[in-house]
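Everything below concerns the one structure shown next.
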Amino acid sequence: MATDIPLEPLWKARLSDEFEKDYMHKLRRFLLSEKRHGKTVFPPDEHYFKALDATPFDQVKVVVLGQDPYHGDDQAHGLSFSVPEGVRPPPSLKNIFKELSSDLGCVLPNHGCLDQWSSQGVLLLNSVLTVERGKAASHQRKGWEQFTDRIIEHINEHRAGVVFLLWGAYAQKKGAFIDQDKHCVLKAPHPSPLSAHRGFLGCKHFSKANQYLQANGATAIDWQLQDL
């Protein structure tokens, strides 16, 4: 099965065994069944692994861990918290931009596409990589969590000096095993309007991430998104 998965080569070398495991075969059958029954799955097939394709294993500097893809039309495109060019930024992303402005003075861009971060080494990884249209969390506990755990495990074990941004209880639980002697783990409430005011706004994670990267000999992330 792994040979027919289009995936960035460095990630494919590390994850190819996962595609042969029973849980992944079950996940594939589930997704095929959903589509056969006329259900719309987001993001499009070619974007399931976009986070990995956009940020090769050896280039990961920062991991932003999300939960599920957006479930509205045209929103999900494989990067956590990001939306394609031309799509209005959802509320959580607006709060991320608000924190960027407060923390680093970043100017609000005219879009919500975070590709420019991915290309600098920011892995925008959701825990679950698909969702049914209009049904939040509908593909949880189908196997994706095990797959994305392995992604985090590979970074934890075989890289050093990576910054993990864990926003909200879900992300913090998933990242609980990360070795904080090897990596920088920053925790805050989720940027959702329901919780952002409890500590996400004002957390200064973006400047703290850059300070850590530079202290460990890496180039800082340019968090300022350029207009498209």
Side-chain angles (χ1 to χ4, degrees), residues 1-28 31 43 45-69 76-82 114-115 117-130 139-187 205 208-210 212-213 215-221:
M1 178 179 171
T3 56
D4 66 353
I5 300 292
L7 186 62
E8 190 279 325
L10 293 179
W11 279 114
K12 192 167 187 174
R14 292 188 170 275
L15 297 170
S16 58
D17 288 351
E18 295 303 303
F19 291 98
E20 306 298 340
K21 292 182 178 178
D22 185 56
Y23 82 88
M24 189 59 84
H25 287 293
K26 288 181 180 178
L27 173 59
R28 193 179 202 183
L31 292 170
D45 296 15
E46 66 271 20
H47 288 159
Y48 287 1
F49 305 111
K50 180 174 180 177
L52 303 179
D53 290 332
T55 311
F57 177 78
D58 65 345
Q59 296 178 26
V60 175
K61 295 180 180 180
V62 179
V63 178
V64 178
L65 189 59
Q67 188 166 347
D68 297 275
H77 70 140
L79 304 178
S80 63
F81 295 103
S82 180
L114 306 182
D115 282 338
W117 293 356
S118 294
S119 63
Q120 296 181 72
V122 181
L123 180 65
L124 297 165
L125 181 68
N126 278 318
S127 175
V128 177
L129 300 187
T130 59
H139 289 186
Q140 288 186 6
R141 294 178 292 279
K142 302 297 183 182
W144 281 128
E145 292 93 340
Q146 187 171 338
F147 180 72
T148 52
D149 278 348
R150 288 298 296 138
I151 292 170
I152 298 168
E153 287 168 7
H154 276 291
I155 298 171
N156 183 52
E157 294 171 12
H158 303 293
R159 294 291 311 280
V162 173
V163 180
F164 289 84
L165 303 184
L166 306 182
W167 300 333
Y170 184 95
Q172 290 162 23
K173 183 178 179 180
K174 188 174 180 69
F177 65 86
I178 296 165
D179 185 348
Q180 298 189 43
D181 292 327
K182 288 176 62 179
H183 304 285
C184 175
V185 177
L186 299 176
K187 300 177 183 179
H205 277 187
K208 289 176 181 178
N210 278 351
Y212 178 85
L213 291 172
N216 285 273
T219 306
I221 303 298

Compare all side-chain heavy atoms of [X] with those of [Y] and state whether any distance is below 4.5 angstrom.
X: Y48; Y: P43; result: yes
X: W144; Y: N126; result: no
X: L65; Y: I152; result: yes
X: W11; Y: V60; result: yes
X: R14; Y: L7; result: no

Shortest non-hydrogen contact between [X] and [Y], atoms and distance:
X: A209; Y: L186; value: N-CD1, 4.1 Å
X: G66; Y: F81; value: CA-CE1, 4.1 Å
X: D115; Y: H77; value: OD1-CE1, 4.2 Å
X: L79; Y: A51; value: CD2-CA, 3.6 Å
X: S127; Y: E145; value: OG-CG, 3.6 Å
X: F49; Y: P6; value: CD1-O, 4.5 Å

*asked:* Using the ring centroid of each side chain, check whether F19 and F147 are separated by less than 6.0 Å.
replied: yes
So does [Y] get a backbone contact from the side chain of [X], meaning a donor-acceptor N/O pair under 3.5 Å?
X: S80; Y: V64; value: yes
X: H183; Y: N156; value: yes
X: T55; Y: L52; value: no

*salt bridge (charged side-chain N to carboxylate O under 4.0 Å, His left out): which pairs involve residues 157-179, sequence neighbours left out?*
D149-K174
*Would you please test L15 and H154 for side chain to side chain contact (heavy atoms under 4.5 Å, CB included) and show each step?*
CA-CA 9 Å; L15 297 170; H154 276 291; 3.9 Å; yes
Calculate, to the nearest 0.5 Å, the distance between atoms [atom1] and [atom2] belonging to [X] and [Y] respectively.
X: L114; Y: S119; atom1: CG; atom2: OG; answer: 10.5 Å
X: I151; Y: F57; atom1: CD1; atom2: CZ; answer: 11.0 Å
X: Q146; Y: K26; atom1: CD; atom2: NZ; answer: 10.0 Å
X: L213; Y: T219; atom1: CG; atom2: OG1; answer: 8.5 Å
X: I155; Y: K182; atom1: CD1; atom2: NZ; answer: 11.0 Å
X: D22; Y: L27; atom1: CG; atom2: CG; answer: 11.0 Å

*T130 and L31: side chain to side chain contact (heavy atoms under 4.5 Å, CB included), yes or no, with the steps?*
CA-CA 9 Å; T130 59; L31 292 170; 3.6 Å; yes
*What class does the angle between the rings of H205 and W167 fall in, given that below 30° is parallel, 30 to 60° is tilted and above 60° is perpendicular?*
parallel
_Just to verify, what does D53 make a salt bridge (Lys or Arg N to Asp or Glu O under 4.0 Å) with, not counting sequence neighbours?_
none
